[in-house]
2 protein chains.
Amino acid sequence: MSKRRILVPFKKRTHDHAECIDSALVSAQSSCERQGLRLTKMRRRVLELVWRGHTPVKAYDILEELRKEDRAAAPPTVYRALDFLLNAGLVHRIESLSAFVGCGGPATPHFGQFLICRECSAVAEIDAPAIARALVADAEALGFHADRQTIEIKGLCADCSRLDP
Amino acid sequence: MSKRRILVPFKKRTHDHAECIDSALVSAQSSCERQGLRLTKMRRRVLELVWRGHTPVKAYDILEELRKEDRAAAPPTVYRALDFLLNAGLVHRIESLSAFVGCGGPATPHFGQFLICRECSAVAEIDAPAIARALVADAEALGFHADRQTIEIKGLCADCSRLDP
DNA sequence: GGCTGTAATGTTATAGTATAACGTTTCAAA
DNA sequence: TTTGAAACGTTATACTATAACATTACAGCC
């Protein structure tokens, strides 16, 4: 089996999620400073909402949340913040769900490979460079120059498959 | 490098596409007969439109085309036909584009691994079972039971990278 | 052939996702 | 302090998809 790093594991229902949010914000902060990017109040708040849990978050759910907090907000507000966060490598878009998750390893650029539980919606992010390289090699063999990959795996996480065998 | 089958190659601009359409319809026909599925006039027509070229086709483009042909048509008409074709394994959905392409190997079930040219939009479909298996194994190592994969690679096809180096 | 029940399609309405275009504010650097 | 670019506000609209219910088509039976 290939070497594989776990960027975001499946979390226990009981873990201290405030800590997840915190550490995500801290590393976002320093990641932005390093790159000379501005993590504004709005962007920071949207990032925080994306990290609300370990399940993908929809743009309009973020919007709704912002509106609860008396911020004037319209779709472009959210999509602009998400665009920034995507480009900054702080969140990933789950294409098959039209939704967003926090990135587990913003320090180094990568595309992300996602395991998505169809029962509880939990998402884990792994990084298996051997697989990414094998895909690039296969593409290259056809004269195709790959510059981006989307890899999303659906199934049942360990917890849910125990319950629903 | 892993063994890899090419289910739909990148096509020369000059190839005889009528033949592609024809062979897709013929194998769809027999695939449906084998599975006891009804390839109705509407479904057949939508499949034909998905195969209009080797680039992903959007649902509303299909809709527009149907309307030109005097068929009464509304979004559900198209989405229902596409659902059928997806379940029958005759087309794939490209998640990152919200669009559809004809399946190159409808005889055997598979998820499809797609190379998508960001210049000319051409799509090739490959089948690299070793990669699919490696992903399943990586998932399994985390206790995750994978039952579906989405793999989409973006980049430049050989023709376009020659022009745009 | 004529029934009959299910599958397929038609139709209307609406939900959900995303961006265009232009105006205003903010803020870092000169 | 000015100033210009980046960020954000605002309105409108485009694009993607499905719900819900009516009607039609069709295979299997008598």
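Naming convention: chains lettered A, B, ... in sequence-line order (proteins, then strands); numbering from 1 in each chain. Given the structure is predicted, the values throughout are model-derived calculations rather than measurements.
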- At under 4.0 Å, does any side-chain N or O of B/Thr40 touch on OP1 or OP2 of C/dT9?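 So the side chain of B/Thr40 is within the cut-off, an N or O lying under 4.0 Å from OP1 or OP2 of C/dT9.
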- Task: Please check the phosphate of C/dT17 (OP1 and OP2 only) for any side-chain N or O of A/Lys58 closer than 4.0 Å.
- Result: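 So the side chain of A/Lys58 is within the cut-off, an N or O lying under 4.0 Å from OP1 or OP2 of C/dT17.
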Could you state the atom-to-atom distance from [atom1] of [X] to [atom2] of [N] in whole Å?
{"X": "A/Phe84", "N": "D/dA7", "atom1": "CZ", "atom2": "C1'", "answer": "11 Å"}
{"X": "B/Asn87", "N": "C/dA8", "atom1": "CG", "atom2": "P", "answer": "11 Å"}
{"X": "B/Asp83", "N": "C/dA8", "atom1": "CG", "atom2": "P", "answer": "12 Å"}
{"X": "A/Glu64", "N": "C/dA15", "atom1": "CD", "atom2": "P", "answer": "14 Å"}
{"X": "A/Tyr79", "N": "D/dT13", "atom1": "OH", "atom2": "C1'", "answer": "14 Å"}
{"X": "A/Ile62", "N": "C/dG16", "atom1": "CD1", "atom2": "C1'", "answer": "14 Å"}
{"X": "B/Leu63", "N": "D/dA14", "atom1": "CG", "atom2": "P", "answer": "16 Å"}
{"X": "B/Leu66", "N": "C/dT9", "atom1": "CG", "atom2": "P", "answer": "12 Å"}

- Just by modelled atom types, is the A/Thr108 backbone N or O under 3.5 Å from a matching donor or acceptor in the A/His110 side chain?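 Present.
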- Query: Any sub-3.5 Å donor-acceptor pair from A/Lys11's side-chain atoms to A/Asp16's backbone N or O?
  - Reply: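 Pair absent, no side-chain N/O of A/Lys11 close to backbone of A/Asp16.
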From the list [options], which nucleotide is the closest neighbour of the side chain of [X]?
{"X": "A/Arg43", "options": "D/dC8, C/dT9, D/dG9", "value": "D/dC8"}
{"X": "A/Thr77", "options": "C/dA20, D/dA7, D/dG9", "value": "D/dG9"}
{"X": "B/Ala74", "options": "C/dT12, D/dT16, C/dA21", "value": "C/dT12"}
{"X": "B/Met42", "options": "C/dT11, C/dT9, C/dT19", "value": "C/dT9"}
{"X": "B/Pro76", "options": "C/dT11, C/dT19, D/dT16", "value": "C/dT11"}
{"X": "A/Arg80", "options": "C/dC22, C/dT9, D/dT16", "value": "C/dC22"}

- Message: Checking B/Ser96 against B/Glu152: is there a side-chain donor and acceptor pair closer than 3.5 Å?
- Response: yes
- Item | Side chains of B/Leu85 and B/Val46 in contact at under 4.5 Å (non-hydrogen atoms) |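 Touching, per the 4.5 Å side-chain cut-off.
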- Query: With A/Ile153, which of A/Ile126, A/Leu115, A/Ile116 fulfils side-chain contact (heavy atoms from CB on, under 4.5 Å)?
  - Reply: A/Leu115
- When you match B/Arg38 and B/Pro75 each to their closest nucleotide on DNA chain C, which lands nearer the 5' end? B/Arg38
